[in-house]
Novice: 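There's a structure below that I have some questions on.
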Amino acid sequence: MSSASPVLSRRKLPIGIQTLSEIRASDAYYVDKTGLVIDLIESGKCFFLSRPRRFGKSLLVDTMKELFEGNRALFAGLAAETRWDWRRRHPVIQISFSDGVLQSRMELDRRIHDILRINRERLGLVLSPGVDPADVPGNLLDLIRMAHREIGQQVVVLIDEYDKPILDNITDARVALAMREGLKNLYSVLKGADAHLKFVFLTGVSKFSKVSLFSGLNQLTDITLDAEYSALCGYTDADIDSVFAPELPGLDRERIRAWYNGYNWLGESVYNPFDVLLLFRKRRFQAYWFETGTPTFLVKLLTEHRQFTPDLGRIVASEDVLSTFDVDAILPEALLFQAGYLTIASFEELPNQYELTLKYPNHEVQASLNGSLLRSYAGDPSEPGRHTGRLWRLLKAGDVAGMQALFHAFFASIPHDWYRNSPIAQFEGYDASIFYSHFAALGLDIVVEDTTNHGRIDMTVLACGAVWLFEFKVVELVPQGRALQQLKDKGYADKYQARSEPIHLIGVEFSKAERNIVRFEVQTLPAAAAG
């Protein structure tokens, strides 16, 4: 008689918990990153890490704090327990802007003074005589020097969400610039205090240039694209399968991977922890991360730059471009990458730099971002939801005629004044972007400029047991009747004959004057003929 399979014990899900002590005290799940943390600490002195919001950065910073303060009991059974020198403890100055929204330079300076006061009280120190209480850099420098002198060990400075006061005001350039100068005033102290510092770690969402924010802090090593630390924040596939094994029964493992995995910084891909933990609690696949921060500013920026949405999942940019972000120089591709809406698909090493190709990290981001873009393009937030739901049903039914009616109705529903005033509506690729984002909002398998031995198909969609090949034309630029004909003349269906599925050749022709589809021709090759 065979023995019964062991029952896996479910533990507390650490949703919203950002301190190591609370996780360990509550016997919650914990993914051990302490080995990587010690590797980092042993490799240098001053580091910077950029990761998207809700990626576990605050927990990482708190874990470093507990290590340097020597709280050994919290690390029992973890990698750090046998690797860390628990005899030496360092004073830690912890600065975080994660809480609340600051709306002026005055509020920022007040918050900084409060943070420094709390650190002084925790370390048992008082402001030195002669130091102006209103002097932000003077206060921090005095705190660092006193901590080193009084406690007898070099100081550790940990800064969490270092850029949040700027990002919270990014739509108001005047306030954002004031916040940048206020933070620069604070961070500039670190360069002159080097002799008193054991370790410095800054983390946030965006990477602002050293010139604009760090005032010569050249010793700061950026590990954002360091393959060794790609999984320093986030959960790996192995973490899901081992640590969270008790939560997996009843959930489709491949679907978990498709929905939430895929974030990559030149190393091992990871899942967003926030998504995974809420999935395990609610047992439903939803856009948990995306819904916590609808990217209104990002959508506005993409619209102003007339972004051709089919290009979003295949942007190619240099490492320098993706690492460039400032209040007065916001590049859409840099914001998309740093904020987590795009991630690295591949890279190529050129003579003096890396060239990175980007992609959507997963189903959640592809579908949700394109849904947001559609709402912006329609001029009516309620329209896209109705249309994408109907499109899915039409795809399942193989109803190509219904698809024509759906898109014709969508373009017809766009208000005239919005069409006339919106910068994206004047863009030549607007019509094709509408088509693409409808399919992308469903999270479907899409190939843009799909290469064949005869040319490139504008868009291929593999869905519902069929192949959908699209060619787009504008009749003011190309004579009518050319879209479907090109699909046939180029033999584009040949590439997909081996799938033994129906292949729909769909030629779509737009008129800029009529602001709608003027020709929608279809030829369907049945599965038997295709095979």
Side-chain angles (χ1 to χ4, degrees), residues 255 258-259 262 308-315 345 359-371 373-374 377 384-411 429-452 454-473 483-484 486-488 490-510 517 519-527 529-531:
R255 196 177 181 198
W259 265 77
F308 185 48
T309 59
D311 282 343
L312 285 175
R314 53 176 188 160
I315 289 175
K359 65 173 183 176
Y360 298 111
N362 48 43
H363 175 101
E364 178 196 19
V365 175
Q366 175 185 335
S368 300
L369 179 58
N370 279 279
L373 289 170
L374 271 180
Y377 294 168
R386 294 195 295 266
H387 280 78
T388 51
R390 187 179 169 209
L391 174 59
W392 174 245
R393 289 185 286 273
L394 292 170
L395 287 167
K396 289 199 295 183
D399 186 352
V400 186
M403 189 185 301
Q404 176 184 4
L406 179 144
F407 281 106
H408 194 280
F410 183 89
F411 284 107
Y430 168 72
D431 304 301
S433 291
I434 289 289
F435 261 80
Y436 170 83
S437 287
H438 268 86
F439 289 95
L442 289 170
L444 300 179
D445 187 355
I446 305 170
V447 183
V448 177
E449 290 194 6
D450 188 5
T451 303
T452 76
H454 298 298
R456 293 182 177 181
I457 308 165
D458 281 349
M459 185 172 78
T460 298
V461 180
L462 306 177
C464 301
V467 179
W468 312 76
L469 307 182
F470 292 87
E471 186 70 28
F472 303 114
K473 300 291 184 187
L484 177 62
Q486 179 168 322
L487 287 166
K488 294 193 293 185
K490 296 284 190 177
Y492 285 154
D494 294 350
K495 180 175 180 177
Y496 292 96
Q497 285 179 350
R499 292 177 67 91
S500 296
E501 296 174 337
I503 300 176
H504 303 286
L505 307 179
I506 305 172
V508 184
E509 299 181 5
F510 309 102
I517 298 167
R519 198 180 189 94
F520 193 101
E521 294 185 297
V522 180
Q523 179 176 335
T524 297
L525 307 178

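In this chain, numbering begins with 1 at the start of the sequence shown.
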Novice: Would you check if Leu462 and Arg499 make a side-chain contact, meaning some heavy-atom pair closer than 4.5 Å?
Specialist: yes
Novice: Drop me the distance from Leu444's CG to Gln366's CD, to the nearest 0.5 angstrom.
Specialist: 7.5 Å
Novice: For Arg314 and Val448, run side-chain contact (heavy atoms from CB on, under 4.5 Å): C-alpha distance rounded to whole Å, both residues' side-chain angles, the deciding distance at 0.1 Å, then the answer.
Specialist: CA-CA 9 Å; Arg314 53 176 188 160; Val448 177; 3.5 Å; yes
Novice: Answer yes or no: is there a donor N or O on one side and an acceptor on the other, between the side chain of Lys473 and the main chain of Leu484, under 3.5 Å?
Specialist: no
Novice: Compare every heavy atom of Trp259 with every heavy atom of Asn362, then report the nearest pair and how far apart it is.
Specialist: CG-O, 3.0 Å
Novice: Counting only N and O atoms by type, is there a donor-acceptor contact under 3.5 Å from the side chain of Asn370 to the main-chain atoms of Leu373?
Specialist: no
Novice: Check Gly402 against Arg390 and note the closest heavy-atom contact, atom names and distance.
Specialist: O-NH2, 4.0 Å
Novice: Rounded to the nearest 0.5 Å, how far does CZ of Phe470 lie from CD1 of Ile506?
Specialist: 3.5 Å
Novice: Is it the case that the side chain of Glu509 and the backbone of Ala483 share a donor-acceptor pair, with hydrogens and angles ignored and the cut-off at 3.5 Å?
Specialist: yes
Novice: Please examine the side chains of Tyr492 and Ile503, heavy atoms only from C-beta on, and report whether any two atoms are closer than 4.5 Å.
Specialist: no
Novice: Between Phe472 and Tyr436, is the ring centre distance below 6.0 Å?
Specialist: no
Novice: Nearest 0.5 Å, what's the CG-CG distance between Leu391 and Leu395?
Specialist: 4.5 Å
Novice: Using the rule given for salt bridge (charged side-chain N to carboxylate O under 4.0 Å, His left out), can you reason through Glu449 versus Arg456, listing the C-alpha separation, both sets of side-chain angles and the distance that settles it, and then say yes or no?
Specialist: CA-CA 5 Å; Glu449 290 194 6; Arg456 293 182 177 181; 3.0 Å; yes
Novice: Which pair of heavy atoms, one from Phe308 and one from Ala432, lies closest together, and at what distance?
Specialist: CE1-CB, 3.9 Å
Novice: Examine distances only and state if a side-chain atom of Asp450 and a backbone atom of Thr460 form a donor-acceptor pair shorter than 3.5 Å.
Specialist: no
Novice: If I take atom CZ from residue Phe439 and atom CH2 from residue Trp468, how far apart are they, to the nearest 0.5 angstrom?
Specialist: 7.5 Å
Novice: Ring centres under 6.0 Å, that's the criterion: do His438 and Phe410 meet it?
Specialist: yes
Novice: I'd like to know if the side chain of Glu501 and the backbone of Ala463 have a donor-acceptor N/O pair within less than 3.5 Å.
Specialist: no
Novice: For the residue pair Thr524 / His504, report whether a side-chain donor-acceptor contact shorter than 3.5 Å exists.
Specialist: yes
Novice: Over all heavy atoms of both residues, which pair between Ala493 and Leu525 is shortest? Give the atoms and the distance, please.
Specialist: CB-CD1, 3.6 Å
Novice: Which atom pair, heavy atoms only, marks the closest approach of Ile446 to Ala440?
Specialist: CD1-N, 3.4 Å
Novice: Looking at NZ of Lys396 and CG of Leu394, how far apart are the two atoms once the value is rounded to the nearest 0.5 Å?
Specialist: 10.5 Å
Novice: Looking at side-chain heavy atoms only, is the closest gap between Ile517 and Phe435 below 4.5 Å?
Specialist: yes
Novice: Provide the closest heavy-atom pair for Gly443 versus Ala367 in the form atom of the first, atom of the second, distance.
Specialist: N-CB, 4.0 Å
Novice: To the nearest 0.5 Å, what is the distance between CD on Gln486 and CD1 on Ile457?
Specialist: 10.0 Å
